[in-house]
Amino acid sequence: MMRRMLLASMFLFASLSFAYGGDTTTFEADVVGPAAPIVSIEVPDYVFLPKAVARGAETNRTRIDINNTGNVAVKVTPQLVSGADPIFNYLYFERIQAGPYLQIGSFSYDMDAPGSSGVREGLFYAKLDLENYTGNLDPGNNRRRANVRFIAVAQ
Amino acid sequence: MSDLLRLLSSLSLIILISSSSALELGISPPVIEFNSSLNERVCKKVYIYSNEDELNVSLYEKWTNEKEDIKEISIYNLDSKEGCELDYPRNLVLNKTLGIDVCFSALQIGDCNGVLIVQAGSRSASVGSWIRNSLQLRNTITGFSIADSFSYGFLYWELGILFILASLLILLILSKRKRISKKVYILCFAV
């Protein structure tokens, strides 16, 4: 009886070691993961700030529509393409109509990831405020322009 | 009639002025982690998207000396960072979608926190992908992995148990034979 038990135990362990000795079964399947994360925005190419502005004054507020067309939450920061502009350094932005205005370089706008529609619409406001402008202005009405880019990165 | 025509042209002009095109620009992935070792060149695929064809885009990089993972574009104001070498095409023509190789080499120990920005010419949209690589001095275990040592250990345990069981079996057989031979001996002696 004892011998049989010992023989059975030996057989069991021996078979386990044979199974462990490198026999494997390969399983294969196609698994679909989530969509690749994308940072993507849609911004206007041109914004006109209405009402002529002189030193000490400001333009009217202009609405800027911006869309998050990717699938992740983003932070959008406006920056002057040239890095600095004597007039458009005084560009200010605000998130909501009653919110504080922040100067370009200090302002950023957070947008959540889009929902099922695939697009998250957003907006903020811009104005040119020359209240603290101390530089020179050419006489008469001069149309000035500067390129502003909106940089979007993942939050 | 002429008044009507004038009104129609004014209306058309207003509509044309008030409408403005909107550029869509995208990049994937949002964060590129290279996990590069010292002097090792690691390349990752980056995809750029647009809603327009034949769009000229330019790429540039910005870095920060901050060690922490801060996702605030305003602190990334360095055009280059010592020890952090990024290689990518500077100018491209984008036809809706394009995949490019972005390669990174860490030339010294430390953190490389940067951002790769895609700029659509002189247009207003830019998108960026964070660059991350942290290379620190650490002890490494070479030779075999913990999984290997576990599997070898288990095999040795099995062989050991088998050996013990075999020894017990042999002893049992021998002792039984001894008892039998002892019985035979006693029987023979009795006879």
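Keep in mind that this is a model prediction, so the values were computed, not measured. Letters A, B, ... are given to chains in the order of the sequence lines, protein chains preceding strands, and every chain is numbered from 1.
At a 4.5 Å heavy-atom cutoff, the contact between A:Gln155 and chain B is made by backbone atoms alone. Interface residue A:Val39: backbone and side-chain heavy atoms are both found under 4.5 Å from chain B.
With rounding to the nearest 0.5 angstrom, the CD1 atom of B:Ile48 is 12.0 Å from the OG atom of A:Ser40. Once rounded to the nearest 0.5 Å, the distance linking OH of B:Tyr49 with OG1 of A:Thr69 reads 11.5 Å. Between atom CD of residue A:Glu42 and atom CG of residue B:Leu23 there is a gap of 8.5 Å, rounded to the nearest 0.5 Å. In this structure, OG on B:Ser124 lies 13.5 Å from CD on A:Gln79, to the nearest 0.5 angstrom.
Annotation for B:Tyr47: atom OH does not count as buried by contact number, only 12 or fewer foreign heavy atoms lying within 6.0 Å. Counting non-hydrogen atoms of neighbouring residues, nucleotides and ligands closer than 6.0 angstrom, the CZ atom of A:Arg4 reaches no more than 12 such neighbours. Remark: A:Glu121 CD is loosely packed, at most 12 non-hydrogen atoms of other residues, nucleotides or ligands lying under 6.0 Å away.
Two residues are said to be in side-chain contact when any heavy atoms from C-beta on lie closer than 4.5 Å; A:Met2 and B:Leu172 meet this criterion. Within the 4.5 Å cutoff, no side-chain heavy atoms of A:Ile41 are placed close to those of B:Leu25.
A single hydrophobic cluster is seen to contain both A:Phe124 and A:Met111, as judged by linkage of ILVMFWY side chains at heavy-atom distances under 4.5 Å, directly or through other members. Both B:Tyr60 and B:Ile75 are assigned to one and the same hydrophobic cluster, defined by single-linkage of ILVMFWY side chains at heavy-atom distances under 4.5 Å. When hydrophobic clusters are built by joining Ile, Leu, Val, Met, Phe, Trp and Tyr residues whose side-chain heavy atoms come closer than 4.5 Å, directly or via intermediates, B:Leu162 is not grouped with B:Leu171. In the hydrophobic clustering of ILVMFWY residues, with side-chain heavy atoms under 4.5 Å counting as a link, A:Phe150 and A:Leu49 come out together. Each of A:Val119 and A:Ile66 belongs to its own hydrophobic cluster when Ile, Leu, Val, Met, Phe, Trp and Tyr are linked at side-chain heavy-atom distances under 4.5 angstrom.
When all heavy atoms of A:Ala154 and B:Lys71 are compared, the pair lying nearest together is O-CD, 3.6 Å.
Only one option out of B:Pro30, B:Ser28, B:Pro29 pairs with A:Val72 in a side-chain contact (heavy atoms from CB on, under 4.5 Å); it is B:Pro30.
Here the side chain of B:Trp130 pairs no donor or acceptor atom with the backbone of A:Val153 at under 3.5 angstrom.
Contact residues of residues 105-120 of chain B toward chain A are B:Val115, B:Ile117, B:Gln119 (heavy-atom distance under 4.5 Å).
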Output, in order, the C-alpha distance, side-chain angles, deciding distance and verdict of side chain to side chain contact (heavy atoms under 4.5 Å, CB included) for A:Met10 and B:Leu169.
-> CA-CA 9 Å; A:Met10 278 180 66; B:Leu169 185 65; 3.8 Å; yes
Can you list the steps and then say if A:Arg149 with B:Arg123 is a side chain to side chain contact (heavy atoms under 4.5 Å, CB included)?
-> CA-CA 7 Å; A:Arg149 61 171 164 242; B:Arg123 308 279 290 277; over 6 Å; no
